[in-house]
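Order of listing sets the numbers, starting from 1, for every ligand and every atom in it.
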Amino acid sequence: MKLLSFLAAAAAASTTVYGAVQKVTRAGRYMYTADGNRFYVKGIAYQTQGQIVSGPDNPLNQPSTFVDQLADSAGCARDLPFLQQLGVNAIRAYSVDSTLNHDSCMAALSGAGIYVILDLTLPLNGSIDTTLPTWSTNLLDLYIDTINVFSKYDNVLAYNVGNEVLTNGATNAAPFIKAAARDIKAYLASIGSSALVGYADIDGAAAFPRRRLRLPQLRSDEWCGDAATSTYDNLNSEFENYNVVAYFSEFGSENCDPGVRPWTEVGTLFASPMTNIWSGGLAFSYFNASSAGHQFGMATLSADNTTVTTNQDFANLQSQYKSVTFVNTPTQSAAAQSTYGACPQPDANLEASTTLPPTPNDSACACLTEHLGCLFKMPANGDYTALVGTLTGVVCGELLPGVGGSCNDIATNGTTGTYGVVSSCDPVTRLSYAFSQYYDLTSRAATSCDFSGNATTNSVIGNVLAPSAAVSTCLPSPSAVFTPSAPSGASAAASASGSSGSGSNGNGSGGGKTGGAVEVRVGAGMLMTLVAGVLGGVAFTLL
Ligand SMILES: *[C@@H]1O[C@H](CO)[C@@H](O)[C@H](O)[C@H]1NC(C)=O
Ligand SMILES: *[C@@H]1O[C@H](CO)[C@@H](O)[C@H](O)[C@H]1NC(C)=O
Ligand SMILES: *[C@@H]1O[C@H](CO)[C@@H](O)[C@H](O)[C@H]1NC(C)=O
Ligand SMILES: *[C@@H]1O[C@H](CO)[C@@H](O)[C@H](O)[C@H]1NC(C)=O
Ligand SMILES: *[C@@H]1O[C@H](CO)[C@@H](O)[C@H](O)[C@H]1NC(C)=O
Ligand SMILES: *[C@@H]1O[C@H](CO)[C@@H](O)[C@H](O)[C@H]1NC(C)=O
């Protein structure tokens, strides 16, 4: 009871005062608070795990659903004392729903000096896809909607544009992640936000912008116990000359008995020489979570979600975090400039072009939809993601090739840096474009715009252009990079939900549905699987 009233007071107070935490800025590879001290992430992952639907399409066992923890004011009130006992100064949330209200949680956290590292992605179709990546209007709009909701809070430390998208076997999504970081950075600057932009990398992946592969030590048994600095040698050598802020976005050995991790690596992570390179990390995880057969978690909720029981893991982390003294060097003025070295050149381990895709252009995609001859028809239930995926596979894999066409205009290849002129539009627009190409190549026969009842001809016949003419009309400079603006319908302070026509996904960029990812077929009969991401194993993030 005491607890609840304290939080209610904190929440009420901070609706007027959001200035409880200091602003954090980056200088070279380090972060500093406004008072000039070095800032380290001493944090914990804070999100209940969504429902996991395992299967060959979900090799990382990533959840397909999520609960927005930062919209659960009672939950935040319940957990805040435990977060304070742990002594964390940051939490990471993996997915939020921009249509919900986050004032109470954000204010309570801010009042307790706790920053939030927020992933902008959602499960399944709300993320850049590992194997069929695009950086498209629907994702850009999703990210901006979330930023618009969170930009009013003083304690958002960073936004992550991707979580564990790149894997050892699939690095061709790297240019899309970089483009997302580029555009989100530009957007944040345009609204005066100083939040940092990050990407959470998977442990052991060949990844952007890392130069080397495989970090077996990260998963070694040494992590379950006292970690020698040498445990991190490979990782350190990758990052020692890399002028970005880096921290461990999820740490904590998966090789200990559940609930009894000693967390003694904390002492290593927050001491020199690790602090020369790293800015702390986020322990994984406050709530129960399972990953790759391992169990994590420090707080078990009662059946009615009102009380918390902590375990030995919690006590151990608390004791380790308590003994951390931040190394306060170098000084901010001695930190190097915030410059970046040249990006690594593509090779067999980094199949990623240095040519990035353009900034997605909402009005261009809306303009296309106005001018295309044959349009995808929304299913009555609005759940179009899997259907769009299926249909894109059919039209690209069979129909268009059969009449001498191709889906090159909606396809991407991050390895070669080839981006079809329409590929940064949302999946529904891309599908309508492919439908229209087929319609045109079959002389706009009435029967050619049907697709088993999934398509309809453009009712404003006077508007209809050949697909290529629609492209020249709507996309005068298809590779343009520019500062994106908020999607129409979204206000600066609150997000709009329910965009129609755009804001979809499908083949060529995530075509999952709750219940499992789907196989996708794109271009010249290439078969791939879709995975989209939330939780994973041990990882770290670049800001
Ligand atoms: C969380 O994990 C612990 C230890 O594995 C287990 O005892 C507990 O039942 C779990 N709680 C929930 C709600 O799953
Ligand atoms: C407890 O919270 C979880 C999400 O955090 C939710 O899925 C579940 O329905 C809640 N249970 C009750 C009884 O409220
Ligand atoms: C990209 O192009 C290269 C070279 O043509 C090809 O080997 C590769 O399979 C393509 N990747 C995708 C994802 O289409
Ligand atoms: C749309 O396409 C799907 C997949 O091919 C098919 O099952 C369905 O019957 C089609 N028609 C409608 C109206 O959904
Ligand atoms: C975006 O698309 C609109 C509509 O076609 C076009 O007028 C505008 O020039 C495009 N923006 C850029 C930067 O290419
Ligand atoms: C994902 O798909 C659903 C419908 O299937 C849609 O409402 C939502 O906007 C899509 N999200 C994105 C980011 O494309």
Can you tell me which residue and heavy atom of the protein come closest to [atom], and the distance to 0.1 Å?
atom                    : result
atom 9 (O) of ligand 5  : Pro476 CG, 3.9 Å
atom 7 (O) of ligand 2  : Val67 CG2, 4.3 Å
atom 12 (C) of ligand 5 : Asn361 ND2, 3.6 Å
atom 14 (O) of ligand 5 : Ser477 OG, 3.4 Å
atom 13 (C) of ligand 2 : Ala303 O, 3.4 Å

[X] heavy atoms, cut-off 4.0 Å: which ligand 5 atoms fall inside?
X      : answer
Ala364 : 2 (O), 4 (C), 5 (O)
Cys474 : 2 (O), 4 (C), 5 (O)
Phe482 : 13 (C)

Parallel, tilted or perpendicular: rings of [Y] and [X] (30°, 60°):
X      : Y      : result
Phe150 : Tyr153 : perpendicular
Trp135 : Tyr143 : tilted
Tyr46  : Tyr286 : tilted

Shortest non-hydrogen pair, Val67 vs Gln47, comes out as O-NE2, 2.7 Å

Scanning both residues in full, the closest heavy-atom pair of Cys105 with Ser73 reads SG-CA, 3.9 Å

Open item on the list: Assess the residue pair Phe435 and Tyr438 against the criterion (ring pair (Phe, Tyr, Trp, His ring centres under 6.0 Å)); give the C-alpha distance rounded to whole Å, side-chain angles, the decisive distance to 0.1 Å, and a yes or no.
Closed with: CA-CA 5 Å; Phe435 278 173; Tyr438 181 78; 8.6 Å; no

Distance col, row Gln69:CD vs His102:NE2, nearest 0.5 angstrom, shows 10.5 Å

A student checking ligand 3 against Asn413 at a 4.0 Å heavy-atom cut-off should list atoms 1 (C), 2 (O), 3 (C), 8 (C), 10 (C), 11 (N), 12 (C), 14 (O)

Ligand 3 to Thr416, heavy atom cutoff 4.0 Å, flagged ligand atoms 2 (O), 3 (C), 4 (C)

- Between Cys474 and Cys367, does the SG-SG distance stay under 2.5 Å? yes

Gln69 heavy atoms within 4.0 Å reach ligand 2 at atoms 5 (O)

Under 3.5 Å: N/O of Thr473 near N/O of ligand 5
no

Ranking Asn305, Thr48, Asp72, Thr65 by closest non-hydrogen atom to atom 10 (C) of ligand 2, top hit is Asn305

* Asked: Do NZ/NE/NH1/NH2 and the carboxylate oxygens of Asp440 and Arg444 come within less than 4.0 Å?
  -> yes

